[in-house]
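To start, the structure itself, in structure tokens.
Sequential numbering from 1 along the given sequence is applied to the chain's residues.
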Amino acid sequence: MTFSLRKLAISIAFIIPVMTATLPVVHAATDFQSILNEERAWAGFTSKRATAGDVDWAYSEGGDPSKPTILLVHGLGGSRDNWNRVAHHLTPYYHVIAVDLPASGETKIAATYDLQPATITESLRRFVETIHIEKNLNIAGHSMGGSIAGLYASLYFSDTQSLLLVDTAGVYATTKSPYLKDPSLLRNFVVRKPGDLKNVIKIAMQDAPFIPKDIFDGQEKVMIGQAPTMTILVEKLIELNKSYTPDSFATVVKSIEAPTLVIWGKQDQIVDVGVVPELMSSLKDKRPPVILDNVGHTPILEAEQLVVQAYLPFLAKAIATPNKFAAAPAPAAK
């Protein structure tokens with residue numbers, strides 16, 4: 001796959017939050033799916049499914065299962081394919097899983113599923129138990145996926161080996177972001193009509209790549225069709241924000257025991273870089289944050305090489321450090 005094709009594929013992956021077999025088939029969507037399948041293969045992934053509790057999970061798996069496992073968690077409006085460019089550099093050395101969260105990508109949920117971060121986190125735990133990767137897990141999250149990854153690490157600290165947080169969403173006292181000060185503005189990220197998608201990309205990325213018009217228009221139609229599901233999730237986040245405070249968010253962060261690396265786009269318009277000192281002040285086992293210049297809210301798409309350069313050495317050191325909270329292995333039978 002050429003660089004330009006990979007860039008096109010991951011750009012499309014970013015703008016398509018939901019792609020399921022029940023969607024109307026359009027020519028552009030078919031083109032997209034072919035490119036996406038090639039992108040996953042290039043990343044070293046194969047697509048799989050697993051049912052855990054009331055969620056039918058879609059996920060990508062790559063690398064050697066005997067190696068340490070990394071779980072990649074995407075953000076609001078994204079999918080597992082947001083991580084493909086990063087995963088390309090991870091699968092040669094690690095066992096890598098990237099999931100479509102409930103209400104995203106190809107993962108299927110019931111109409112009654114309670115779409116909120118706490119429920120999603122518990123469902124994620126059931127998923128990792130089902131595919132038997134819960135022990136010594138290295139978890140990485142972007143944006144809303146970062147808040148889910150952080151909550152997971154705080155709850156399951158004895159099973160979490162390391163944590164990567166990329167432009168992590170949260171409730172911050174020091175934020176200057178209009179989207180965090182007034183969460184009702186998250187409604188602007190729901191693509192309801194032609195033209196909305198262009199606005200979303202402009203906000204989320206510092207330097208958005210070119211996307212051919214026929215594919216762009218076709219996928220915008222897909223997203224418009226999925227607006228009701230995305231609206232439910234956004235409205236839940238808006239409602240929850242009324243009961244959460246910077247102190248309650250900091251309490252969760254302070255409960256994280258795993259070695260943690262923070263990476264941020266300096267030009268992030270959604271979760272501004274100014275909150276990084278606040279986040280760092282609550283982390284126990286932290287490394288110096290990595291701030292990427294000329295990068296927006298999506299470093300895993302805009303600057304994956306820089307993300308990997310920071311993540312790989314951190315990961316190697318974290319994996320080599322025993323988790324003091326992990327349960328001791330049972331003694332061998334005599």
Side-chain angles (χ1 to χ4, degrees), residues 9-33 35-36 54-58 73-82 99-117 119-120 123 142-145 147-148 167 169 177-180 182-205 208 211-242 269-271 296-298 301:
I10 200 59
S11 301
I12 298 171
F14 166 71
I15 66 176
I16 305 301
V18 179
M19 175 68 69
T20 72
T22 60
L23 293 176
V25 177
V26 295
H27 175 70
T30 302
D31 291 344
F32 165 79
Q33 196 61 52
I35 294 173
L36 197 54
D54 55 353
V55 180
D56 178 15
W57 292 85
V73 187
H74 66 79
L76 177 67
S79 75
R80 55 185 156 136
D81 297 299
N82 293 168
V99 294
D100 282 336
L101 291 176
S104 302
E106 298 171 89
T107 288
K108 300 175 183 179
I109 56 173
T112 55
Y113 186 88
D114 184 18
L115 277 171
Q116 60 171 303
T119 305
I120 293 172
S123 294
H142 167 245
S143 191
M144 185 187 77
S147 61
I148 291 171
D167 292 67
S177 167
Y179 303 99
L180 296 186
D182 181 7
S184 67
L185 294 177
L186 292 175
R187 296 183 179 119
N188 296 336
F189 295 107
V190 180
V191 177
R192 297 184 176 88
K193 63 183 185 303
D196 285 354
L197 182 53
K198 182 179 180 180
N199 294 331
V200 170
I201 294 175
K202 184 177 180 180
I203 295 169
M205 304 183 82
I211 302 170
K213 188 177 185 302
D214 60 340
I215 295 180
F216 183 95
D217 290 346
Q219 301 316 313
E220 187 170 54
K221 291 179 182 178
V222 171
M223 295 183 74
I224 291 171
Q226 294 299 312
T229 303
M230 183 59 62
T231 297
I232 293 172
L233 177 55
V234 168
E235 292 301 324
K236 178 65 73 171
L237 292 173
I238 293 171
E239 183 64 26
L240 287 172
N241 188 74
K242 297 176 183 179
Q269 299 182 61
I270 300 173
V271 187
H297 183 63
T298 57
L301 299 174

Please round to the nearest 0.5 Å and tell me the distance separating atom [atom1] of [X] and atom [atom2] of [Y].
| X | Y | atom1 | atom2 | answer |
| --- | --- | --- | --- | --- |
| W57 | I109 | CH2 | CD1 | 9.5 Å |
| D167 | H297 | CG | NE2 | 6.0 Å |
| S104 | D81 | OG | CG | 11.5 Å |
| L76 | Y179 | CG | OH | 12.5 Å |
| M144 | L237 | CE | CG | 6.5 Å |
| L301 | M205 | CG | CE | 5.0 Å |

[X] to [Y] - nearest heavy-atom pair and separation:
| X | Y | value |
| --- | --- | --- |
| R192 | T231 | NH2-OG1, 3.6 Å |
| G75 | S143 | CA-CB, 4.1 Å |
| P102 | L115 | O-CD2, 3.9 Å |
| I120 | L101 | CG2-CD2, 3.9 Å |
| V55 | S123 | CG2-OG, 4.0 Å |
| T229 | A103 | CG2-CB, 3.8 Å |

If you define the side chain from C-beta out and look only at heavy atoms, does anything of [X] sit under 4.5 Å from [Y]?
| X | Y | value |
| --- | --- | --- |
| E220 | P194 | yes |
| F189 | I270 | yes |
| V271 | S177 | no |

- Criterion side chain to side chain contact (heavy atoms under 4.5 Å, CB included) on Y113 and D54, from CA distance to verdict: CA-CA 8 Å; Y113 186 88; D54 55 353; 3.8 Å; yes

- Take K236 and I232 through the side chain to side chain contact (heavy atoms under 4.5 Å, CB included) test and state the conclusion after the steps. CA-CA 6 Å; K236 178 65 73 171; I232 293 172; 5.7 Å; no

- Message: Under 4.0 Å between a side-chain nitrogen and a carboxylate oxygen: does that hold for E235 and R187?
- Response: yes

- Query: Do E106 and R80 sit within salt-bridge range, that is, some charged N less than 4.0 Å from a carboxylate O?
  - Reply: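 Salt bridge present between E106 and R80.
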
- Query: Is there a donor-acceptor pair under 3.5 Å between the side chain of D196 and the backbone N or O of K193?
  - Reply: yes

- Query: If you measure only the distance, is there a donor-acceptor pair under 3.5 Å linking the side chains of H142 and T298?
  - Reply: no

- Message: If the test is side-chain contact (heavy atoms from CB on, under 4.5 Å), which one of L185, V191, V190 qualifies with N188?
- Response: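 Only one of L185, V191, V190 forms a side-chain contact (heavy atoms from CB on, under 4.5 Å) with N188, namely L185.
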
